[in-house]
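Notes follow the structure.
Note that ligands are numbered from 1 as they come in the structure, with each ligand's atoms numbered from 1 the same way.
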Amino acid sequence: MAYIIAVTNQKGGVGKTTTTLNLGAYLARRGKRVLIIDLDAQGNATSGLGFDKTKQTPNIYHCLIDGLPIDSVIRDTGRRNLSLCPGNIDLAGGEVELVRIPSREFRLREVLTGMQQKFDFVLIDCPPSLGLMTVNALTAAQGVLIPIQGEYYALEGVSQLMNTIELVRYQLNQNLIVFGVVVTMYDVRTQLSAQVAEEVRKYFKEHVFNTIIPRNVRLSEAPSFGKTIDEYEKKSKGALAYHELAKEVIEREKKTRFLYA
Ligand SMILES: Nc1ncnc2c1ncn2[C@@H]1O[C@H](COP(=O)(O)OP(=O)(O)O)[C@@H](O)[C@H]1O
Ligand SMILES: [Mg+2]
């Protein structure tokens with residue numbers, strides 16, 4: 001059974017896409033069958049894997065809105081165990097169009113029916129909002145992975161995010177849990193980063209992964225070449241960190257399994 005993770009934080013630029021791509025790539029490298037779903041109109045997860053996002057029609061939008069089967073949309077990324085369900089600017093109108101659909105919060109869950117047997121992990125790269133797209137991701141998922149940027153105002157907006165998760169749990173998906181919180185773009189040279197990491201730990205406690213993702217310029221360069229960090233520079237600090245995170249995620253998923261079995 002696939003474990004479905006929504007990578008969510010309504011703040012932009014906190015590392016959602018970077019985490020989705022590189023965590024996904026290392027889970028795949030460790031033998032897990034991974035599907036990455038790009039639910040963001042920016043299509044950064046799609047281009048980050050080397051796809052021309054302007055040419056990815058049909059995509060997840062057409063599954064959600066037109067009822068196209070996801071099988072006909074999933075792309076082979078050319079990497080073992082790693083598949084992509086692309087997204088792009090088509091999704092920009094999706095929020096508004098979803099409103100008119102009766103099962104609007106459940107569309108992604110419905111679309112993913114049948115994927116449970118084909119993958120071990122499904123990672124959903126969410127847009128930077130708490131709108132219907134993100135609600136769809138939270139309704140389809142078993143767990144939320146929250147990247148928190150290790151900078152000023154790190155926890156700003158977090159209570160809103162937690163409220164949304166609570167609401168979804170109460171009304172749409174009672175099994176949803178906070179799977180984990182990962183501190184990203186951590187700068188070892190600054191006192192501030194250390195303080196932020198501590199604050200995050202105080203707030204989220206055991207939810208926080210031991211692995212901290214450092215600020216590493218290689219991580220920001222890789223997507224412009226359509227490469228994961230493992231392909232771009234596997235010895236970089238960013239690569240090592242995401243590999244460690246993947247191991248932690250695999251361990252945690254095993255422990256979490258009994259909760260939803
Ligand atoms: N650990 C990191 N070190 C350096 N740059 C990073 C790191 N993580 C992400 N970035 C860069 O920061 C920007 C925002 O990251 P991204 O993953 O796109 O965030 P989001 O998907 O939350 O908007 C991107 O340009 C990305 O390449
Ligand atoms: Mg993104």
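Geometrically, R215 does not engage Y186 in a cation-pi contact, judged by NZ or CZ lying under 6.0 Å from the ring centre and within 45° of the ring axis.
Checking T211 against E248 by side-chain atom types alone, a donor-acceptor pair falls below 3.5 Å.
The structure places CD1 of I37 at 9.0 Å from CE of M115, a figure rounded to the nearest 0.5 Å. Considering CD of Q149 and CG of N9, their distance stands at 9.5 Å, rounded to 0.5 Å.
Using cut-offs of 30° and 60° on the angle between ring planes, the pair Y3 and F179 is tilted.
Counting only distances under 2.8 Å, and ignoring water, the protein N, O or S atoms around the Mg ion (ligand 2) are T17 OG1.
Remark: N44 engages T17, Q42, S47, K53 in a side-chain contact (heavy atoms from CB on, under 4.5 Å) (not counting sequence neighbours).
Both I213 and I5 are part of a single hydrophobic cluster, where members link through side-chain heavy atoms under 4.5 Å apart.
The only option from D38, L108, D40 that meets the side chain to side chain contact (heavy atoms under 4.5 Å, CB included) definition with I60 turns out to be L108.
Residue pairs that meet the salt bridge (Lys or Arg N to Asp or Glu O under 4.0 Å) test with at least one member in residues 16-31, sequence neighbours left out, are R29-D230.
In this structure, ligand 1 sits under 4.0 Å from heavy atoms belonging to G12, G13, V14, G15, K16, T17, T18, M185, I213, P214, R215, N216, L219, S220.
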